[in-house]
Every structure is written in C-alpha cells, then in structure tokens.
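The block underneath contains the structure these notes are about, expressed in structure tokens.
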Amino acid sequence: MAAGAASPIRRAKGEVLHDGFLRHAGFRWLKIATLICVLSIASYMLVDVTPRHNGGSWYGYAMGTIGVLLILWLTLLGLRKRAMTRGRWSLKAWTSAHVYLGLSLIVIATLHTGFQLGWNVHTLAYALMMLVILSGLFGIAVYATLPAALSNNRAEMTQVQMLDAVRAIDRQLHDAAQPLTHEQAALVRQSLEDDPFGGGLIARLSGRYPRCATARAQAALRRWTGETPDTGNDPLERIDALLERKQAMLARLRRHLKLKALLEIWLYVHVPATFALLAALTAHVVSVFFYW
C-alpha cells in the first residue's frame, strides 16, 4: 500500500469508516438521545402541574415545542441525502441522529400528552408519529440484515445479468423443443411465456410463486415420461435439464426481488406517513393556538 493511501478500514486517526450509522462515533447520538429522554422523564416527575400533566399546561407546551422542532428537523433527512459529505455532519452522522432522536420522540411526545389521549386531531398526530417511528424501526432492521443476504444471493451477478441468463436458457429451450410433439412443445411454451416478475406484490414479498409456469411445465413433462426422464429420449432429457437450470436461476432472481422489495417497501409507509404527520401536526398546532 502506498505511504499516503488511506486504509479501507480505518483513517490515520483511527476512526472506523465502516462502523455503520447505528454505531457512528461510538454511539454518540444514542447517548445524546438517552440523555434527552432521562432529562425529560426527570423533569416530568419533578415539575408540579395542577391539576395534572396535560398538553395544555406550560410544561406540555414546552415539550410540544421541542417535539415539533425535532420532527421538522428530522424530516430534513430526505434533503440531506442529496449531499454526500464526510465529517461531523456527514450523511452517516445525520442518519444516526435521525434514528436515535426519532426514537426519543416517543418519550417527548408521550410526556407532552400527559398520557391523555382521545378521539381528536391531537391523538391522530401522535398515532401518525408512532407509525412513522415503527416503520422506521422496520427499515433499520432490514437495512441491518438484508444487504448481506442480497449480496450473497446475487453471487456477483446483477439483476440484468440474471435476466440475461434466464433469456439464454429460454433460447436453448426453444431450440431443444423443436423435435418434441405438439403437446410436449406446448408445455415448454408455457415456460417460455412465463413472466419472471409476475405474481404481484404478495408473491414478490413472500417469494412464493405457486403458478410458476416453468415448475408446472417440468412437472407435467416428468409425469409424461415417468418420475425421471428416459435416458434414451435425448430431447426430453435435455429439456428437463434446461428447465432445472431455469428454475434455479428464477429462484435466485426471485429471492433478489424479494430482498429488494423488503428493503424498499417500508418507505412506502414511512414517507407518506411522514407527510400525513406534518399535516396532522399543522392542524394540531393551529387548533391549539386557535383555542388558546
């Protein structure tokens, strides 16, 4: 390694580069968020509010203001992602703060309510905030576990290369099916016309494709010739081997699509719920000042 080259694991100062946003800077933002929660709970227990804690007390307004400002700051992560920088406010640092300060909102917002909830816009804002946080926790879980599984499943192949491999097998199937009878060729045609992306969202998330035409075609051909292909029937033997290869490649491709879907689907809850939260929060704040 050249004298001035940076280590792939550590900088010259010993800072770990690949420690992940959860462990960023020795769990700095976890410690800060924990301190905020401890101070909030302590103040809640020490401050005497008559007749009892509620969102309309001075303490409730103070905690509510902190919560609103924190929510607005946390929503800026989407804009922050557009600027990839290093240092104290790198994207990793920002994401770490986003996660831990977001979790601290559970304590801050709950203390703001004084544990008084009802069927109104105020509780709606609280419920939407919890939905955003829970969907974010799901996102953290999948990002902590699935990227490695995605990489292992791809085996250095891209999604395009997987599709190209399926198409190459289809071309071989088409040529190999020429000597077959009309009924046998019709079974192979089912596999050739199969859509590897078919099945809908449920199939993609579950990884189960009960209507897979390739599996059905192979099962039908094996019933046609017996439990195993007749070794003396070269066309059917070759077709069976090709269908086996195609099923293996389809299984890899579908696992890839499943893992990608799990990595992305939480955002379809997290982002819209965030906008809904901002709308409910606006209504909550306006109604408070209107009645105040």
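- The CG atom of L281 sits 11.5 Å away from atom OG1 of T274, with the distance rounded to the nearest 0.5 Å.
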Quiz: residues 133-140 side-chain donor-acceptor pairs under 3.5 angstrom, not counting sequence neighbours:
from, atom 1, to, atom 2, distance (Å)
S135, OG, L131, O, 3.0
S135, OG, V132, O, 2.8
S135, OG, H270, ND1, 2.9

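- A single hydrophobic cluster is not seen to contain both M249 and Y209; linkage of ILVMFWY side chains at heavy-atom distances under 4.5 Å, directly or through other members, places them apart.
- For T110 (side chain) and V107 (main-chain N/O), no donor-acceptor pair under 3.5 Å exists by modelled atom type.
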- request: In sequence, state the C-alpha distance, the side-chain angles, and the governing distance for H122 and S287, and then conclude on side chain to side chain contact (heavy atoms under 4.5 Å, CB included).
  value: CA-CA 9 Å; H122 315 301; S287 64; 3.2 Å; yes
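- N54 meets the side-chain hydrogen bond (donor to acceptor under 3.5 Å, both in side chains) test with no other residue; sequence neighbours excluded.
- Annotation: the span from R23 atom CZ to K92 atom NZ amounts to 11.0 Å, rounded to 0.5 Å.
- Qualifying side chain to side chain contact (heavy atoms under 4.5 Å, CB included) partners for A215, counting only residues two or more places apart in sequence or in other chains: C212, Q247.
- With values rounded to the nearest 0.5 angstrom, L250 atom CG is found 10.0 Å from L257 atom CG.
- When atom types are taken as modelled, the side chain of S96 and the backbone of A93 share no donor-acceptor pair closer than 3.5 angstrom.
- Side-chain atoms of H112 come within 3.5 Å of backbone atoms of G60 as a donor-acceptor pair (strictly under, hydrogens ignored).
- Closest approach of A185 to A177, counting heavy atoms only: CB-O, 4.3 Å.
- Not a single side-chain hydrogen bond (donor to acceptor under 3.5 Å, both in side chains) links S57 to another residue, sequence neighbours left out.
- Sequence neighbours left out, the pairs with a member in residues 173-198 that pass salt bridge (charged side-chain N to carboxylate O under 4.0 Å, His left out) are D194-R254.
- Counting only residues at least two apart or on different chains, the salt bridge (charged side-chain N to carboxylate O under 4.0 Å, His left out) pairs with a member in residues 142-171 are D164-R167, D170-K246.
- Note that CE of M129 is 8.0 Å distant from CG of L277, once rounded to the nearest 0.5 Å.
- Connection of F115 to V47 is established within a shared hydrophobic cluster, with ILVMFWY side chains joined at heavy-atom distances below 4.5 Å, either directly or through further cluster members.
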field: Test log, rule side chain to side chain contact (heavy atoms under 4.5 Å, CB included), inputs L128 and L124
entry: CA-CA 6 Å; L128 286 170; L124 174 62; 4.0 Å; yes
task: Show your working on side chain to side chain contact (heavy atoms under 4.5 Å, CB included) between T95 and L22 and close with a plain yes or no.
output: CA-CA 8 Å; T95 305; L22 293 179; over 6 Å; no
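- The heavy-atom pair separating V99 from F21 by the smallest distance is CG2-CE1, 3.8 Å.
- Summarising the geometry, atom CD1 belonging to I71 is positioned 12.5 Å from atom CG belonging to L76; distances are rounded to the nearest 0.5 Å.
- Scored by the ring pair (Phe, Tyr, Trp, His ring centres under 6.0 Å) test, H53 finds Y44, Y59 as partners (sequence neighbours excluded).
- Listed by chain and number, the residues in a ring pair (Phe, Tyr, Trp, His ring centres under 6.0 Å) with H98 amount to none (sequence neighbours excluded).
- Cluster annotation: Y143 and V271 are assigned to the same hydrophobic cluster (Ile/Leu/Val/Met/Phe/Trp/Tyr, side-chain heavy-atom contacts under 4.5 Å, transitive).
- Proximity of a side-chain donor or acceptor of T113 to a complementary backbone N or O of G55 within less than 3.5 Å is not detected.
- Remark: T65 pairs with no residue by the side-chain hydrogen bond (donor to acceptor under 3.5 Å, both in side chains) rule, at least two apart or across chains.
- With hydrogens and angles disregarded, no donor-acceptor distance shorter than 3.5 Å links the side chain of Q190 to the backbone of R216.
- Side-chain heavy atoms closer than 4.5 Å link hydrophobic residues (I, L, V, M, F, W, Y) into clusters, and following such links, possibly through other members, connects F289 to W58.
- Residues meeting the side chain to side chain contact (heavy atoms under 4.5 Å, CB included) test with R245, sequence neighbours left out: I169, Q172, L242.
- The backbone N or O of L39 lies less than 3.5 Å from a partner atom in the side chain of S43, making a donor-acceptor pair.
- For the residue pair A176 and L180, the shortest heavy atom distance occurs at O-CG, 4.4 Å.
- Proximity of T75 to F275: side-chain heavy atoms (C-beta onward) are nowhere separated by under 4.5 Å.
- Taking both residues in full, the closest heavy atoms of A283 and V121 are given as CB-CG2, 3.8 Å, listed atom of the first, atom of the second, then distance.
- Using a distance-only test at 3.5 Å, with no hydrogens or angles considered, no donor-acceptor pair links the side chain of N153 to the main chain of A149.
- In terms of modelled atom types and a separation under 3.5 Å, the side chain of T145 and the main chain of A141 share a donor-acceptor contact.
- Sorted by first and then second residue, the salt bridge (charged side-chain N to carboxylate O under 4.0 Å, His left out) pairs with a member in residues 29-52 form an empty list; sequence neighbours excluded.
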task: Could you please spell out the steps behind the ring-ring contact (aromatic ring centres under 6.0 Å, His included) verdict for W29 and W94?
output: CA-CA 9 Å; W29 287 103; W94 191 285; 9.4 Å; no
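- Closest approach of T214 to S191, counting heavy atoms only: OG1-OG, 3.0 Å.
- Under the side chain to side chain contact (heavy atoms under 4.5 Å, CB included) criterion, L262 pairs with L146, L205, K258, sequence neighbours left out.
- A continuous path of Ile, Leu, Val, Met, Phe, Trp and Tyr side chains, each step under 4.5 Å between heavy atoms, connects V49 with I108, placing both in one hydrophobic cluster.
- Here the straight-line distance linking atom OG of S40 with atom CD1 of I106 works out to 13.0 Å at 0.5 Å rounding.
- Across all their heavy atoms, S104 and L70 have their closest contact at OG-CD2, 3.8 Å.
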- request: With side chain to side chain contact (heavy atoms under 4.5 Å, CB included) as the test, would you mind laying out the steps for Y100 and T34 before giving the verdict?
  value: CA-CA 8 Å; Y100 292 120; T34 301; over 6 Å; no
